[in-house]
Protein chains: 2
Amino acid sequence: MGNQEPDTALRDGAGLPAHERVYRRLRTMVLFGELEPGQAVTIQGLTNQLGVGMTPVREALRRLIAEGALAFQDNRRICVPVLDAAAVEQLGLARAALEPELARRAATRATADDIARLRATDARLDRAIARGDVAGYLTQNHRFHAELNAIAEAPILTDMVDGLWLRFGPSLRVVCGLFGTRNLPDRHKDLLAALDARDSAAAAEAMHQDVSQGMAQIRAGLE
Amino acid sequence: MGNQEPDTALRDGAGLPAHERVYRRLRTMVLFGELEPGQAVTIQGLTNQLGVGMTPVREALRRLIAEGALAFQDNRRICVPVLDAAAVEQLGLARAALEPELARRAATRATADDIARLRATDARLDRAIARGDVAGYLTQNHRFHAELNAIAEAPILTDMVDGLWLRFGPSLRVVCGLFGTRNLPDRHKDLLAALDARDSAAAAEAMHQDVSQGMAQIRAGLE
DNA sequence: CCGGAAATAATTTGATCATATTCTGTCCGC
DNA sequence: GCGGACAGAATATGATCAAATTATTTCCGG
(Lines give C-alpha, C1' and ligand atoms only; values in the text may rest on other atoms or scores of the structure.)
Protein backbone atom coordinates (compact mmCIF):
# COMPACT_ATOMS: atom_id res chain seq x y z
CA MET A 1 0.00 0.00 0.00
CA GLY A 2 1.19 3.55 -0.64
CA ASN A 3 1.87 5.96 2.18
CA GLN A 4 -1.24 7.73 3.39
CA GLU A 5 -1.42 11.48 3.77
CA PRO A 6 1.13 12.82 6.27
CA ASP A 7 -1.04 12.79 9.40
CA THR A 8 -3.55 15.56 9.86
CA ALA A 9 -2.23 16.31 13.33
CA LEU A 10 0.76 18.10 11.81
CA ARG A 11 -1.42 20.35 9.71
CA ASP A 12 -1.08 23.27 12.15
CA GLY A 13 2.20 24.84 13.09
CA ALA A 14 3.07 25.60 9.51
CA GLY A 15 6.24 27.62 9.22
CA LEU A 16 7.91 25.97 12.19
CA PRO A 17 10.80 23.59 11.59
CA ALA A 18 9.83 19.97 11.17
CA HIS A 19 11.71 18.85 14.28
CA GLU A 20 9.74 21.39 16.33
CA ARG A 21 6.42 20.14 14.96
CA VAL A 22 7.37 16.55 15.66
CA TYR A 23 8.48 17.51 19.16
CA ARG A 24 5.21 19.28 19.99
CA ARG A 25 3.13 16.47 18.61
CA LEU A 26 4.94 13.80 20.60
CA ARG A 27 5.02 16.00 23.68
CA THR A 28 1.25 16.37 23.82
CA MET A 29 0.85 12.68 23.13
CA VAL A 30 2.99 11.89 26.18
CA LEU A 31 1.53 14.65 28.34
CA PHE A 32 -2.05 13.50 27.90
CA GLY A 33 -1.34 9.80 28.01
CA GLU A 34 -1.99 8.99 24.36
CA LEU A 35 1.06 6.77 24.71
CA GLU A 36 0.89 4.28 27.55
CA PRO A 37 3.77 3.52 29.91
CA GLY A 38 6.14 0.96 28.47
CA GLN A 39 5.01 1.50 24.91
CA ALA A 40 7.89 1.39 22.43
CA VAL A 41 8.54 4.27 20.05
CA THR A 42 10.55 3.65 16.90
CA ILE A 43 12.20 6.23 14.70
CA GLN A 44 11.20 4.69 11.43
CA GLY A 45 7.65 4.22 12.62
CA LEU A 46 7.41 7.95 13.28
CA THR A 47 8.97 8.89 9.95
CA ASN A 48 6.28 6.88 8.18
CA GLN A 49 3.46 8.04 10.45
CA LEU A 50 4.34 11.74 10.35
CA GLY A 51 5.71 11.94 6.83
CA VAL A 52 9.07 13.54 7.68
CA GLY A 53 12.66 12.35 7.44
CA MET A 54 14.56 10.71 10.24
CA THR A 55 16.71 13.65 11.24
CA PRO A 56 13.83 15.77 12.64
CA VAL A 57 12.38 12.71 14.37
CA ARG A 58 15.75 11.91 15.89
CA GLU A 59 16.15 15.42 17.26
CA ALA A 60 12.66 15.50 18.73
CA LEU A 61 13.23 12.17 20.44
CA ARG A 62 16.59 13.27 21.80
CA ARG A 63 14.93 16.34 23.28
CA LEU A 64 12.10 14.35 24.87
CA ILE A 65 14.57 11.86 26.31
CA ALA A 66 16.55 14.72 27.85
CA GLU A 67 13.34 15.94 29.48
CA GLY A 68 12.52 12.50 30.86
CA ALA A 69 9.37 12.18 28.74
CA LEU A 70 10.87 9.15 27.01
CA ALA A 71 13.62 6.79 28.07
CA PHE A 72 16.24 4.48 26.67
CA GLN A 73 15.62 0.81 27.08
CA ASP A 74 18.55 -1.43 28.17
CA ASN A 75 19.38 -1.89 24.52
CA ARG A 76 19.05 1.19 22.35
CA ARG A 77 15.29 1.13 22.04
CA ILE A 78 13.14 4.05 23.08
CA CYS A 79 9.95 3.75 25.12
CA VAL A 80 7.59 5.61 27.44
CA PRO A 81 8.99 5.23 30.99
CA VAL A 82 7.21 3.02 33.50
CA LEU A 83 7.16 4.69 36.91
CA ASP A 84 7.92 2.73 40.05
CA ALA A 85 7.06 3.82 43.58
CA ALA A 86 10.46 5.49 44.06
CA ALA A 87 10.01 7.56 40.91
CA VAL A 88 6.55 8.72 41.94
CA GLU A 89 7.91 9.68 45.35
CA GLN A 90 10.69 11.78 43.82
CA LEU A 91 8.35 13.44 41.36
CA GLY A 92 6.03 14.27 44.23
CA LEU A 93 8.86 15.75 46.27
CA ALA A 94 10.01 17.88 43.36
CA ARG A 95 6.49 19.08 42.57
CA ALA A 96 5.82 19.85 46.24
CA ALA A 97 9.06 21.85 46.35
CA LEU A 98 8.56 23.87 43.17
CA GLU A 99 4.86 24.35 42.40
CA PRO A 100 3.92 26.06 45.68
CA GLU A 101 6.66 28.59 44.97
CA LEU A 102 5.11 29.30 41.57
CA ALA A 103 1.69 29.68 43.20
CA ARG A 104 3.20 32.06 45.73
CA ARG A 105 4.60 34.22 42.97
CA ALA A 106 1.40 34.08 40.98
CA ALA A 107 -0.52 35.38 43.99
CA THR A 108 1.56 38.56 44.04
CA ARG A 109 1.25 39.19 40.30
CA ALA A 110 -2.17 37.97 39.19
CA THR A 111 -4.41 40.62 37.66
CA ALA A 112 -8.21 40.46 37.76
CA ASP A 113 -8.14 39.27 34.15
CA ASP A 114 -5.69 36.51 35.02
CA ILE A 115 -7.89 35.26 37.82
CA ALA A 116 -10.99 35.41 35.63
CA ARG A 117 -9.24 33.32 32.99
CA LEU A 118 -8.19 30.78 35.61
CA ARG A 119 -11.74 30.62 36.93
CA ALA A 120 -13.08 29.98 33.45
CA THR A 121 -10.61 27.15 32.93
CA ASP A 122 -11.51 25.70 36.31
CA ALA A 123 -15.19 25.78 35.34
CA ARG A 124 -14.43 23.80 32.19
CA LEU A 125 -12.45 21.43 34.37
CA ASP A 126 -15.41 20.88 36.69
CA ARG A 127 -17.71 20.22 33.74
CA ALA A 128 -15.28 17.64 32.36
CA ILE A 129 -15.19 15.89 35.75
CA ALA A 130 -18.99 15.92 36.03
CA ARG A 131 -19.23 14.53 32.52
CA GLY A 132 -16.75 11.76 33.32
CA ASP A 133 -14.62 13.03 30.45
CA VAL A 134 -11.10 11.80 31.23
CA ALA A 135 -9.40 13.45 28.26
CA GLY A 136 -11.14 16.74 29.07
CA TYR A 137 -10.06 16.50 32.69
CA LEU A 138 -6.42 15.94 31.76
CA THR A 139 -6.46 18.78 29.24
CA GLN A 140 -8.17 21.38 31.41
CA ASN A 141 -6.28 20.43 34.56
CA HIS A 142 -3.00 20.90 32.76
CA ARG A 143 -4.26 24.12 31.27
CA PHE A 144 -5.17 25.47 34.70
CA HIS A 145 -1.71 24.81 36.10
CA ALA A 146 0.01 26.07 32.95
CA GLU A 147 -1.91 29.34 33.07
CA LEU A 148 -1.09 29.73 36.74
CA ASN A 149 2.60 29.09 36.15
CA ALA A 150 2.66 31.61 33.31
CA ILE A 151 1.40 34.27 35.71
CA ALA A 152 4.30 33.59 38.06
CA GLU A 153 6.77 34.82 35.41
CA ALA A 154 9.49 32.37 36.35
CA PRO A 155 10.40 30.59 33.12
CA ILE A 156 13.13 28.40 34.55
CA LEU A 157 10.96 27.05 37.37
CA THR A 158 8.06 26.66 34.96
CA ASP A 159 10.17 24.64 32.54
CA MET A 160 11.28 22.35 35.34
CA VAL A 161 7.68 21.79 36.41
CA ASP A 162 6.58 21.16 32.82
CA GLY A 163 9.21 18.45 32.67
CA LEU A 164 7.77 16.83 35.78
CA TRP A 165 4.24 16.83 34.34
CA LEU A 166 5.62 15.19 31.24
CA ARG A 167 7.02 12.38 33.34
CA PHE A 168 3.83 11.42 35.16
CA GLY A 169 1.40 12.22 32.33
CA PRO A 170 1.14 8.67 30.96
CA SER A 171 0.70 7.19 34.44
CA LEU A 172 -1.95 9.76 35.38
CA ARG A 173 -3.89 8.76 32.31
CA VAL A 174 -3.72 5.11 33.30
CA VAL A 175 -4.97 5.89 36.80
CA CYS A 176 -7.84 7.98 35.44
CA GLY A 177 -8.68 5.19 33.05
CA LEU A 178 -8.99 2.85 36.02
CA PHE A 179 -10.90 5.07 38.42
CA GLY A 180 -12.67 7.49 36.07
CA THR A 181 -13.04 11.10 37.21
CA ARG A 182 -14.34 10.23 40.67
CA ASN A 183 -12.26 11.07 43.72
CA LEU A 184 -10.04 13.45 41.79
CA PRO A 185 -8.40 16.00 44.08
CA ASP A 186 -9.08 19.63 43.37
CA ARG A 187 -7.75 22.38 45.60
CA HIS A 188 -8.37 24.90 42.84
CA LYS A 189 -11.19 26.62 44.73
CA ASP A 190 -8.89 27.30 47.69
CA LEU A 191 -6.23 28.46 45.27
CA LEU A 192 -8.54 30.88 43.48
CA ALA A 193 -9.71 32.29 46.81
CA ALA A 194 -6.09 32.83 47.82
CA LEU A 195 -5.37 34.62 44.54
CA ASP A 196 -8.41 36.85 45.06
CA ALA A 197 -7.06 37.75 48.48
CA ARG A 198 -3.49 38.19 47.20
CA ASP A 199 -2.53 35.72 49.95
CA SER A 200 0.77 34.16 48.86
CA ALA A 201 1.04 31.80 51.81
CA ALA A 202 -2.47 30.46 51.32
CA ALA A 203 -1.86 29.99 47.59
CA ALA A 204 1.32 28.04 48.27
CA GLU A 205 -0.45 25.91 50.86
CA ALA A 206 -3.36 25.16 48.52
CA MET A 207 -0.98 24.16 45.77
CA HIS A 208 0.94 21.95 48.14
CA GLN A 209 -2.28 20.15 49.01
CA ASP A 210 -3.25 19.81 45.36
CA VAL A 211 0.11 18.33 44.46
CA SER A 212 0.23 15.96 47.44
CA GLN A 213 -3.24 14.61 46.79
CA GLY A 214 -2.61 14.26 43.06
CA MET A 215 0.58 12.29 43.51
CA ALA A 216 -0.98 10.16 46.24
CA GLN A 217 -3.71 9.30 43.75
CA ILE A 218 -1.15 8.18 41.20
CA ARG A 219 0.78 6.17 43.74
CA ALA A 220 -2.43 4.48 44.89
CA GLY A 221 -3.49 3.75 41.32
CA LEU A 222 -0.24 1.94 40.58
CA GLU A 223 -0.93 -0.42 43.55
CA MET B 1 44.48 23.88 6.54
CA GLY B 2 43.53 20.19 6.58
CA ASN B 3 41.61 18.74 9.48
CA GLN B 4 43.85 17.81 12.39
CA GLU B 5 43.41 14.55 14.25
CA PRO B 6 39.87 14.16 15.61
CA ASP B 7 40.43 15.84 18.98
CA THR B 8 42.17 13.91 21.72
CA ALA B 9 39.33 14.64 24.14
CA LEU B 10 37.16 12.13 22.32
CA ARG B 11 39.74 9.35 22.61
CA ASP B 12 38.01 7.82 25.64
CA GLY B 13 34.47 6.52 25.63
CA ALA B 14 35.21 4.21 22.74
CA GLY B 15 32.27 2.00 21.92
CA LEU B 16 29.71 4.64 22.81
CA PRO B 17 27.71 6.24 20.01
CA ALA B 18 29.21 9.39 18.55
CA HIS B 19 26.30 11.57 19.64
CA GLU B 20 26.84 10.42 23.22
CA ARG B 21 30.55 11.25 23.09
CA VAL B 22 29.84 14.67 21.62
CA TYR B 23 27.22 15.29 24.29
CA ARG B 24 29.56 14.40 27.15
CA ARG B 25 32.37 16.48 25.74
CA LEU B 26 30.19 19.57 25.31
CA ARG B 27 28.55 18.98 28.66
CA THR B 28 31.81 19.08 30.58
CA MET B 29 32.89 22.11 28.59
CA VAL B 30 29.75 23.96 29.69
CA LEU B 31 29.79 22.62 33.24
CA PHE B 32 33.31 23.80 33.95
CA GLY B 33 33.07 27.05 32.09
CA GLU B 34 35.32 26.22 29.16
CA LEU B 35 32.70 28.05 27.10
CA GLU B 36 31.89 31.52 28.30
CA PRO B 37 28.37 32.95 28.56
CA GLY B 38 27.19 34.38 25.25
CA GLN B 39 29.68 32.43 23.20
CA ALA B 40 28.20 31.15 19.94
CA VAL B 41 28.33 27.47 19.05
CA THR B 42 27.98 26.44 15.41
CA ILE B 43 27.16 22.99 14.13
CA GLN B 44 29.66 23.02 11.33
CA GLY B 45 32.36 24.29 13.64
CA LEU B 46 31.85 21.29 15.91
CA THR B 47 31.78 18.81 13.03
CA ASN B 48 35.20 20.08 11.93
CA GLN B 49 36.60 20.33 15.46
CA LEU B 50 35.41 16.91 16.64
CA GLY B 51 35.71 15.02 13.38
CA VAL B 52 32.15 13.65 13.29
CA GLY B 53 29.19 14.21 11.01
CA MET B 54 26.50 16.75 11.68
CA THR B 55 23.78 14.35 12.77
CA PRO B 56 25.48 13.40 16.06
CA VAL B 57 26.36 17.04 16.69
CA ARG B 58 22.77 18.08 16.05
CA GLU B 59 21.43 15.53 18.52
CA ALA B 60 23.92 16.47 21.22
CA LEU B 61 23.05 20.15 20.84
CA ARG B 62 19.33 19.44 20.92
CA ARG B 63 19.81 17.55 24.14
CA LEU B 64 21.88 20.30 25.75
CA ILE B 65 19.34 22.91 24.70
CA ALA B 66 16.55 20.87 26.30
CA GLU B 67 18.58 20.82 29.52
CA GLY B 68 19.11 24.58 29.42
CA ALA B 69 22.87 24.22 29.01
CA LEU B 70 22.66 25.98 25.65
CA ALA B 71 20.01 28.28 24.20
CA PHE B 72 18.58 29.43 20.93
CA GLN B 73 19.43 32.92 19.85
CA ASP B 74 16.68 35.13 18.36
CA ASN B 75 17.49 33.73 14.95
CA ARG B 76 18.35 30.07 14.84
CA ARG B 77 21.84 30.40 16.22
CA ILE B 78 22.95 28.52 19.32
CA CYS B 79 24.92 30.03 22.18
CA VAL B 80 25.82 29.63 25.85
CA PRO B 81 23.06 31.38 27.85
CA VAL B 82 23.80 34.63 29.64
CA LEU B 83 22.16 34.65 33.07
CA ASP B 84 20.33 37.71 34.32
CA ALA B 85 19.42 38.39 37.95
CA ALA B 86 16.00 36.75 37.60
CA ALA B 87 17.56 33.57 36.24
CA VAL B 88 20.08 33.38 39.07
CA GLU B 89 17.28 33.88 41.57
CA GLN B 90 15.21 31.04 40.10
CA LEU B 91 18.21 28.73 39.92
CA GLY B 92 18.94 29.51 43.56
CA LEU B 93 15.35 28.80 44.58
CA ALA B 94 15.36 25.48 42.76
CA ARG B 95 18.71 24.45 44.20
CA ALA B 96 17.63 25.46 47.70
CA ALA B 97 14.48 23.39 47.30
CA LEU B 98 16.10 20.23 45.92
CA GLU B 99 19.67 19.86 47.13
CA PRO B 100 18.91 19.91 50.88
CA GLU B 101 16.50 17.05 50.27
CA LEU B 102 19.27 15.08 48.59
CA ALA B 103 21.58 15.83 51.53
CA ARG B 104 18.87 14.68 53.91
CA ARG B 105 18.58 11.38 52.09
CA ALA B 106 22.33 10.96 51.87
CA ALA B 107 22.60 11.33 55.64
CA THR B 108 20.37 8.31 56.17
CA ARG B 109 22.19 6.12 53.66
CA ALA B 110 25.87 7.08 53.74
CA THR B 111 28.26 4.28 54.70
CA ALA B 112 31.62 4.88 56.37
CA ASP B 113 33.26 4.32 52.99
CA ASP B 114 30.99 6.90 51.37
CA ILE B 115 31.89 9.51 53.97
CA ALA B 116 35.58 8.72 53.66
CA ARG B 117 35.38 9.21 49.91
CA LEU B 118 33.61 12.52 50.35
CA ARG B 119 36.22 13.64 52.88
CA ALA B 120 38.99 12.80 50.42
CA THR B 121 37.30 14.81 47.69
CA ASP B 122 36.82 17.72 50.08
CA ALA B 123 40.52 17.61 50.95
CA ARG B 124 41.42 17.87 47.27
CA LEU B 125 38.96 20.75 47.05
CA ASP B 126 40.67 22.58 49.92
CA ARG B 127 44.07 22.10 48.31
CA ALA B 128 42.78 23.52 45.03
CA ILE B 129 41.42 26.57 46.87
CA ALA B 130 44.69 27.07 48.75
CA ARG B 131 46.58 26.77 45.48
CA GLY B 132 44.32 29.32 43.80
CA ASP B 133 43.51 26.69 41.18
CA VAL B 134 40.17 27.75 39.72
CA ALA B 135 39.76 24.76 37.40
CA GLY B 136 40.60 22.39 40.24
CA TYR B 137 38.10 24.12 42.52
CA LEU B 138 35.31 23.81 39.96
CA THR B 139 36.11 20.16 39.26
CA GLN B 140 36.41 19.01 42.87
CA ASN B 141 33.46 21.06 44.09
CA HIS B 142 31.25 19.48 41.46
CA ARG B 143 32.67 16.09 42.27
CA PHE B 144 31.86 16.52 45.96
CA HIS B 145 28.23 17.36 45.25
CA ALA B 146 27.92 14.65 42.61
CA GLU B 147 29.25 12.00 45.01
CA LEU B 148 26.87 13.20 47.70
CA ASN B 149 23.90 13.11 45.34
CA ALA B 150 24.80 9.62 44.21
CA ILE B 151 24.60 8.44 47.82
CA ALA B 152 21.04 9.78 48.09
CA GLU B 153 19.86 7.23 45.51
CA ALA B 154 17.28 9.56 43.96
CA PRO B 155 18.08 9.60 40.24
CA ILE B 156 15.26 11.88 39.20
CA LEU B 157 16.11 14.58 41.74
CA THR B 158 19.80 14.16 40.95
CA ASP B 159 19.18 14.65 37.23
CA MET B 160 17.22 17.80 37.93
CA VAL B 161 20.04 19.18 40.08
CA ASP B 162 22.64 18.26 37.47
CA GLY B 163 20.66 20.32 34.99
CA LEU B 164 20.77 23.30 37.32
CA TRP B 165 24.54 23.04 37.73
CA LEU B 166 24.83 22.98 33.96
CA ARG B 167 22.98 26.27 33.77
CA PHE B 168 25.15 28.26 36.14
CA GLY B 169 28.47 26.55 35.33
CA PRO B 170 29.70 29.13 32.81
CA SER B 171 28.75 32.04 35.08
CA LEU B 172 30.42 30.44 38.10
CA ARG B 173 33.60 30.16 36.09
CA VAL B 174 33.41 33.83 35.18
CA VAL B 175 32.93 34.83 38.82
CA CYS B 176 35.84 32.67 39.92
CA GLY B 177 37.95 34.17 37.17
CA LEU B 178 37.20 37.61 38.58
CA PHE B 179 37.63 36.92 42.29
CA GLY B 180 39.95 33.90 42.29
CA THR B 181 39.39 31.23 44.94
CA ARG B 182 39.14 33.68 47.83
CA ASN B 183 35.86 34.08 49.69
CA LEU B 184 34.47 30.87 48.28
CA PRO B 185 31.73 29.45 50.48
CA ASP B 186 32.22 25.97 51.84
CA ARG B 187 29.77 24.38 54.24
CA HIS B 188 31.25 21.00 53.47
CA LYS B 189 32.76 20.60 56.95
CA ASP B 190 29.35 21.07 58.57
CA LEU B 191 27.89 18.68 56.05
CA LEU B 192 30.48 15.97 56.70
CA ALA B 193 29.91 16.32 60.45
CA ALA B 194 26.18 15.90 59.92
CA LEU B 195 26.78 12.79 57.84
CA ASP B 196 29.03 11.33 60.55
CA ALA B 197 26.22 11.92 63.05
CA ARG B 198 23.53 10.57 60.70
CA ASP B 199 21.77 13.89 61.34
CA SER B 200 19.45 14.45 58.37
CA ALA B 201 18.18 17.82 59.49
CA ALA B 202 21.67 19.18 60.04
CA ALA B 203 22.81 17.87 56.65
CA ALA B 204 19.88 19.56 54.94
CA GLU B 205 20.58 22.81 56.76
CA ALA B 206 24.28 22.74 55.88
CA MET B 207 23.45 22.14 52.23
CA HIS B 208 20.94 24.97 52.27
CA GLN B 209 23.64 27.29 53.56
CA ASP B 210 26.14 26.08 50.97
CA VAL B 211 23.68 26.63 48.14
CA SER B 212 22.54 30.04 49.35
CA GLN B 213 26.06 31.32 49.76
CA GLY B 214 27.16 29.93 46.42
CA MET B 215 24.32 31.53 44.50
CA ALA B 216 24.78 34.82 46.38
CA GLN B 217 28.40 34.77 45.23
CA ILE B 218 27.34 34.34 41.62
CA ARG B 219 24.73 37.06 41.86
CA ALA B 220 27.29 39.41 43.42
CA GLY B 221 29.87 38.57 40.76
CA LEU B 222 27.50 39.53 37.97
CA GLU B 223 27.13 43.03 39.54
C1' DC C 1 8.87 -40.19 15.63
C1' DC C 2 8.26 -36.02 18.40
C1' DG C 3 9.62 -31.98 21.30
C1' DG C 4 12.78 -28.58 22.55
C1' DA C 5 17.20 -26.18 22.73
C1' DA C 6 20.91 -24.22 20.14
C1' DA C 7 22.46 -22.15 16.00
C1' DT C 8 21.72 -19.56 12.03
C1' DA C 9 19.28 -16.73 8.60
C1' DA C 10 16.20 -12.71 7.75
C1' DT C 11 14.02 -8.63 9.03
C1' DT C 12 13.68 -4.71 11.63
C1' DT C 13 15.72 -0.76 13.79
C1' DG C 14 19.23 2.55 15.12
C1' DA C 15 23.53 5.32 13.83
C1' DT C 16 26.15 7.90 10.71
C1' DC C 17 27.30 10.42 6.73
C1' DA C 18 27.25 13.10 2.29
C1' DT C 19 24.41 16.01 -0.13
C1' DA C 20 20.68 19.13 -1.37
C1' DT C 21 17.57 22.80 0.01
C1' DT C 22 16.06 26.86 2.53
C1' DC C 23 16.65 30.67 5.25
C1' DT C 24 19.08 34.63 7.27
C1' DG C 25 22.15 38.35 7.34
C1' DT C 26 25.42 41.10 4.69
C1' DC C 27 27.55 43.64 1.15
C1' DC C 28 27.81 46.00 -3.18
C1' DG C 29 26.00 48.82 -6.80
C1' DC C 30 22.76 52.07 -8.14
C1' DG D 1 19.15 54.83 1.31
C1' DC D 2 17.23 50.89 -1.10
C1' DG D 3 17.16 46.50 -3.64
C1' DG D 4 19.13 42.45 -5.23
C1' DA D 5 22.88 39.18 -5.36
C1' DC D 6 26.06 36.51 -2.42
C1' DA D 7 27.81 33.84 1.38
C1' DG D 8 27.27 31.30 5.41
C1' DA D 9 24.67 28.38 8.34
C1' DA D 10 20.87 25.51 9.64
C1' DT D 11 17.37 22.22 8.12
C1' DA D 12 16.01 18.06 5.90
C1' DT D 13 16.48 13.84 2.96
C1' DG D 14 17.92 9.34 1.48
C1' DA D 15 21.55 6.03 1.28
C1' DT D 16 24.53 3.05 3.77
C1' DC D 17 26.34 0.45 7.64
C1' DA D 18 26.00 -1.97 12.06
C1' DA D 19 23.49 -4.03 15.79
C1' DA D 20 19.67 -6.59 17.60
C1' DT D 21 15.51 -8.91 17.68
C1' DT D 22 12.69 -12.31 15.63
C1' DA D 23 11.89 -16.32 12.79
C1' DT D 24 13.52 -20.44 11.00
C1' DT D 25 16.12 -24.42 10.71
C1' DT D 26 18.81 -28.04 12.48
C1' DC D 27 20.16 -31.41 15.58
C1' DC D 28 19.98 -34.21 19.64
C1' DG D 29 17.69 -36.73 23.45
C1' DG D 30 13.80 -39.10 24.90
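Throughout, protein chains are lettered first and strands after them, A, B, ... in sequence-line order, and every chain is numbered starting at 1. Computed over heavy atoms, backbone and side chain alike; hydrogens, waters and symmetry mates excluded.
In this structure, Leu16(A) atom CG and dA10(D) atom P are separated by 18 Å, rounded to whole Å. If you measure from atom CG of Leu46(B) to atom P of dT11(D), you get 13 Å, rounded to the nearest angstrom. With rounding to whole Å, Gln73(B) atom CD is found 13 Å from dT11(D) atom P. In this structure, the CD1 atom of Ile65(B) is 13 Å from the C1' atom of dT11(D), given to the nearest Å. Remark: P of dA10(D) and CG of Leu70(B) are 13 Å apart, rounded to the nearest angstrom.
The side chain of Arg58(B) places an N or O atom within less than 4.0 Å of a non-bridging phosphate oxygen (OP1 or OP2) of dT11(D).
With Phe168(A) as reference, Ile218(A) is the one residue of Val175(A), Val88(A), Leu31(A), Ile218(A) to meet the side-chain contact (heavy atoms from CB on, under 4.5 Å) rule. No option in His145(A), Arg124(A), Arg127(A) other than Arg124(A) meets the side-chain contact (heavy atoms from CB on, under 4.5 Å) test with Gln140(A).
Across all strands, Val57(A) comes closer than 4.0 Å to no nucleic acid atom at all (heavy-atom distances). Within the 4.0 angstrom heavy-atom criterion, only backbone atoms of the sugar-phosphate kind lie near Thr42(B); the bases stay farther away.
Mapped onto DNA chain D by nearest heavy atom, Gln44(A) and His19(A) fall at different nucleotides, with His19(A) at the one closer to the 5' end. Mapping Arg77(A) and Met54(A) onto DNA chain D via the closest heavy atom, the residue that lands nearer the 5' end is Met54(A).
By the 4.0 Å N-to-carboxylate-O rule, Arg109(B) lies close enough to Glu153(B) to be salt-bridged with it. At a threshold of 4.0 Å, the pair Arg104(B)-Glu101(B) counts as salt-bridged, since one of the basic side-chain nitrogens sits closer than that to a carboxylate oxygen. Ion pairing between a basic and an acidic side chain is recognised when a charged N comes within 4.0 Å of a carboxylate O; Arg119(B) and Glu147(B) show no such pairing.
Of the possible polar contacts, none joining the Glu20(B) side chain to the Pro17(B) backbone as a donor-acceptor pair under 3.5 Å is found.
Contacts between chain B and DNA chain C, taken as any atom within less than 4.0 angstrom of a protein heavy atom, begin and end at dA15(C) to dG25(C).
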